[in-house]
Amino acid sequence: TARQLQEHDAGRGEGALLEGHIHADRGDSEAAAEAYQRAVDEGRRDALGPLVAHRHELGMEDAGAPIEAWIENNPDDAAARLSLADWYGQVGDYAGMVRQYERLVEMSARPNAALKNNLAWGYSQIGDDRALPTAREAYELAPDNAAVMDTLGWIELKEGNAQRAVELLSEASSKAPDNAEIRYHYGAALAEAGQHSEARTQLQRALDSEGDARWASDARERLEELPN
């Protein structure tokens with residue numbers, strides 16, 4: 001059915017996208033990537049994300065190239081630019097991530113807490129001094145958002161403001177009790193603030209929830225360093 005759709009001009013993009021999904025469900029990343037590329041060539045922006053994901057799974061060094069090319073041809077496409085920013089974050093290209101979020105903030109018609117929050121996090125990853133003021137701006141826009149509190153609290157901790165970090169991360173953890181990464185941040189802040197017993201509890205709970213997370217090794221190190 002997917003291939004029959006592609007035999008008609010009006011159905012080429014939809015059919016290629018559908019074929020990509022079918023190959024993906026079958027675990028055939030190479031065929032999926034080829035089909036998703038055809039969908040993108042037919043103007044299906046919603047094929048960009050899965051295309052890049054499968055290119056990455058295949059080990060292609062330039063896995064994000066399709067989104068980059070799309071944005072070069074469609075510079076005002078905020079949704080595609082957001083996908084590229086998130087992709088850069090996933091592969092650890094934080095400078096690339098920051099460039100895209102800076103542009104997204106500029107493109108936004110009004111102040112956007114989520115964009116500023118992610119930009120602040122990106123700044124923190126590359127050691128940019130704008131991380132803290134940007135995180136504070138996001139917090140002013142969304143003071144009840146757990147993710148925003150978490151970002152600001154973590155950056156405050158990195159800046160040596162442990163007590164303020166504890167305040168923010170305690171509230172963030174209360175608002176998102178199932179978020180193990182926030183709990184890990186809270187435990188780290190408690191450790192820096194000298195509240196060792198509670199830090200041990202929070203760090204252990206975070207590890208019990210997600211012991212194989214990317215932050216788990218740091219959480220274990222912090223746990224081991226706590227005095228008995």
Side-chain angles (χ1 to χ4, degrees), residues 20 24 29-30 32-37 39-41 44-108 111-139 142 145-159 179-182 184-185 188 210 212-219 221:
S29 290
E30 185 172 357
E34 291 175 357
Y36 286 132
Q37 182 63 66
V40 169
D41 292 342
R44 292 300 299 250
R45 184 182 64 190
D46 49 351
L48 283 168
L51 169 59
V52 169
H54 285 282
R55 285 169 61 90
H56 179 64
E57 189 170 323
L58 291 167
M60 295 184 179
E61 292 184 3
D62 60 343
I67 303 182
E68 293 169 352
W70 181 281
I71 289 175
E72 186 174 345
N73 294 322
N74 304 275
D76 296 327
D77 189 335
R81 195 175 290 277
L82 183 61
S83 293
L84 180 58
D86 289 344
W87 168 250
Y88 281 143
Q90 290 175 33
V91 299
D93 183 353
Y94 300 114
M97 173 186 170
V98 161
R99 286 195 302 272
Q100 298 306 320
Y101 273 114
E102 285 178 335
R103 181 69 184 115
L104 285 163
V105 168
E106 292 173 1
M107 292 170 63
S108 181
N112 185 301
L115 294 179
K116 283 187 174 289
N117 180 66
N118 291 344
L119 177 57
W121 187 82
Y123 280 149
S124 73
Q125 296 301 305
I126 63 174
D128 193 301
D129 291 340
R130 291 172 288 181
L132 185 56
T134 304
R136 287 174 174 171
E137 290 174 8
Y139 181 69
N145 184 287
V148 171
M149 290 178 194
D150 177 48
T151 298
L152 178 55
W154 190 237
I155 294 174
E156 292 277 12
L157 182 62
K158 288 186 173 183
E159 293 292 325
N179 189 308
E181 185 170 8
I182 292 179
Y184 147 62
H185 290 165
E210 293 187 25
D212 58 351
R214 55 185 173 78
W215 45 261
S217 60
D218 182 69
E221 288 180 13

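These numbers were taken from a predicted model, which means no experiment stands behind them.
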Tell me the closest heavy-atom pair linking [X] and [Y], and the distance in Å.
X	Y	answer
Ala47	Val40	CB-CG2, 3.8 Å
Gly20	Ala32	O-CB, 3.7 Å
Trp87	Ala63	CZ2-CB, 3.6 Å
Val52	Pro66	CG2-CD, 4.3 Å
Glu210	Trp215	O-CH2, 3.8 Å

(message) Could you work out, with ring-ring contact (aromatic ring centres under 6.0 Å, His included) as the rule, every residue matching Trp70, not counting sequence neighbours?
(response) none
(request) Could you please spell out the steps behind the side chain to side chain contact (heavy atoms under 4.5 Å, CB included) verdict for Glu102 and Tyr123? (result) CA-CA 10 Å; Glu102 285 178 335; Tyr123 280 149; 2.7 Å; yes
Please identify each residue that fulfils salt bridge (Lys or Arg N to Asp or Glu O under 4.0 Å) with [X], with sequence neighbours left out.
X	value
Glu72	none
Asp128	Arg130
Asp62	Arg55

[X]: which residues meet the side-chain contact (heavy atoms from CB on, under 4.5 Å) condition with it, sequence neighbours left out?
X	value
Ala120	Thr134, Ala135, Thr151, Ile155
Ala69	none
Ala113	Leu141, Ala142

(request) I would like to know whether Leu82 and Asp86 meet side chain to side chain contact (heavy atoms under 4.5 Å, CB included); could you show each step before the answer? (result) CA-CA 6 Å; Leu82 183 61; Asp86 289 344; 4.1 Å; yes
(request) Look only at the side chain of Asn74 and the backbone of Asp77, and say whether a donor-acceptor pair between them is shorter than 3.5 Å. (result) no
(message) Any side-chain to backbone donor/acceptor pair from Arg81 onto Pro75? Under 3.5 Å, distance only.
(response) yes
(request) Would you please say whether a donor-acceptor pair under 3.5 Å links the side chains of Tyr88 and Glu68? (result) yes
(request) Using distance alone, with no hydrogens and no angle criterion, decide if Glu156 and Tyr139 have a side-chain donor and acceptor under 3.5 Å apart. (result) no
Could you list the residues that satisfy side-chain hydrogen bond (donor to acceptor under 3.5 Å, both in side chains) with [X], not counting sequence neighbours?
X	value
Arg44	Glu14, Asp46
Tyr184	Asp218
Asn145	none
Asp129	none

Side-chain donor-acceptor pairs under 3.5 Å in residues 89-99, sequence neighbours left out?
unit_1: Asp93; atom_1: OD1; unit_2: Gly96; atom_2: N; d: 3.0

(message) Measuring only between side-chain heavy atoms, which start at C-beta, is Lys158 closer than 4.5 Å to Leu132?
(response) no
(message) Quick check: do Ser83 and Leu48 have side-chain heavy atoms less than 4.5 Å from each other?
(response) no
(request) List the steps, then state whether side chain to side chain contact (heavy atoms under 4.5 Å, CB included) holds for Asp150 with Asn117. (result) CA-CA 10 Å; Asp150 177 48; Asn117 180 66; over 6 Å; no
(request) Output the distance between atom CD (Glu137) and atom CG (Asn112), rounded to the nearest 0.5 Å. (result) 12.5 Å
(message) Please report the interatomic distance OG(Ser29) to CD(Glu57), rounded to the nearest 0.5 Å.
(response) 3.5 Å
(request) Before giving the answer on side chain to side chain contact (heavy atoms under 4.5 Å, CB included), spell out for Tyr101 and Leu104 the whole-Å C-alpha distance, their side-chain angles and the decisive distance to 0.1 Å. (result) CA-CA 5 Å; Tyr101 273 114; Leu104 285 163; 3.9 Å; yes
